[in-house]
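Position 1 is the first residue of the sequence, and the numbers go up from there.
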Amino acid sequence: QVQLVESGGGLVQAGGSLRLSCAASGSIFSIAAMGWYRQAPGKQRELVAGITNGGRINYADPVKGRFTISRDTAENTVYLEMNNVNREDTAVYYCAASLSDRLRSFSVDYWGQGTQVTVSS
């Protein structure tokens, strides 16, 4: 089993920045990729960004050039740096871990509990 704990959500003004963190514990040796999803009210959960153990990265089009995903393997932590946020970024953000390293068809095996990000105008 893998446990994922997110932190760093909150209220941020449009145009501002926020960094989310996700600490993994448990059977982390089995994880091949980690990612961030988000779910806005009334919308489906969507993949925002993913990163493999080998460092391959993929971003959803709406966040390209604004968000950066990174991973500290020594700390078993993945980050999502969110810059120039807008109101469409308001959502609950979920950390996810996969036993597969396929990014474009990310297969979630473990979820975090989610952290709320609210962007104010």
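- Ring pair Phe106/Tyr37 is perpendicular by interplanar angle, where above 60° counts as perpendicular and below 30° as parallel.
- The shortest distance between side-chain heavy atoms of Arg38 and Val117 does not fall below 4.5 Å.
- Considering only heavy atoms from C-beta on, Cys22 comes within 4.5 Å of Met34 through its side chain.
- Atom CD1 in Ile28 sits 12.0 Å away from atom OH in Tyr110 (nearest 0.5 Å).
- Side chain of Gln1 to backbone of Ser27: no donor-acceptor contact under 3.5 angstrom is found.
- Across all non-hydrogen atoms, the minimal contact from Ser100 to Ala33 is O-CB, 3.5 Å.
- At a threshold of 4.5 Å between non-hydrogen side-chain atoms, the residues Cys95 and Trp36 count as touching.
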Next item on the list: Carefully, step by step, assess Thr90 and Gln116 under the rule side-chain contact (heavy atoms from CB on, under 4.5 Å).
Entry: CA-CA 8 Å; Thr90 294; Gln116 176 70 46; 4.1 Å; yes
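- Only one option out of Asn53, Thr77, Thr52 pairs with Arg71 in a side-chain contact (heavy atoms from CB on, under 4.5 Å); it is Asn53.
- Hydrophobic clustering (side-chain heavy atoms under 4.5 Å, transitive across Ile, Leu, Val, Met, Phe, Trp, Tyr) groups Ile57 together with Val78.
- Residue Val119 is grouped with residue Tyr93 when hydrophobic side chains (ILVMFWY) are merged at heavy-atom distances under 4.5 angstrom, including chains of intermediate members.
- Listed for the Arg56 side chain is a donor-acceptor partner under 3.5 Å among the backbone atoms of Asp101.
- The shortest distance between side-chain heavy atoms of Tyr94 and Leu4 does not fall below 4.5 Å.
- Taking each heavy atom of Val85 and Met82 in turn, the nearest pair found is CG1-CB, 3.9 Å.
- Counting heavy atoms from C-beta outward, Ser98 and Val108 have side chains that stay 4.5 Å or more apart.
- The line from CG of Asn76 to CD1 of Ile31 is 7.5 Å long, rounded to the nearest 0.5 Å.
- Among residues two or more places apart in sequence or in another chain, the side-chain hydrogen bond (donor to acceptor under 3.5 Å, both in side chains) test is passed with Gln39 by Arg45.
- Nearest heavy-atom pair across Arg87 and Ser121 is CD-CB, 3.8 Å.
- Note on Val2 and Tyr79: separate hydrophobic clusters, where clusters join Ile, Leu, Val, Met, Phe, Trp and Tyr whose side-chain heavy atoms are under 4.5 Å apart, directly or indirectly.
- Two residues are said to be in side-chain contact when any heavy atoms from C-beta on lie closer than 4.5 Å; Leu20 and Glu6 fail this criterion.
- Smallest separation of non-hydrogen atoms from Val92 and Gly114: CG1-CA, 3.9 Å.
- Once rounded to the nearest 0.5 Å, the distance linking CG of Leu47 with CZ of Arg104 reads 10.5 Å.
- Taking CG from Asn84 and OG from Ser17, the interatomic distance works out to 8.0 Å, rounded to the nearest 0.5 Å.
- Proximity of Arg66 to Asn86: side-chain heavy atoms (C-beta onward) are separated by under 4.5 Å at one or more points.
- Applying the side-chain contact (heavy atoms from CB on, under 4.5 Å) test between Tyr59 and each of Leu103, Ile51, Ile69 identifies Ile69 as the sole match.
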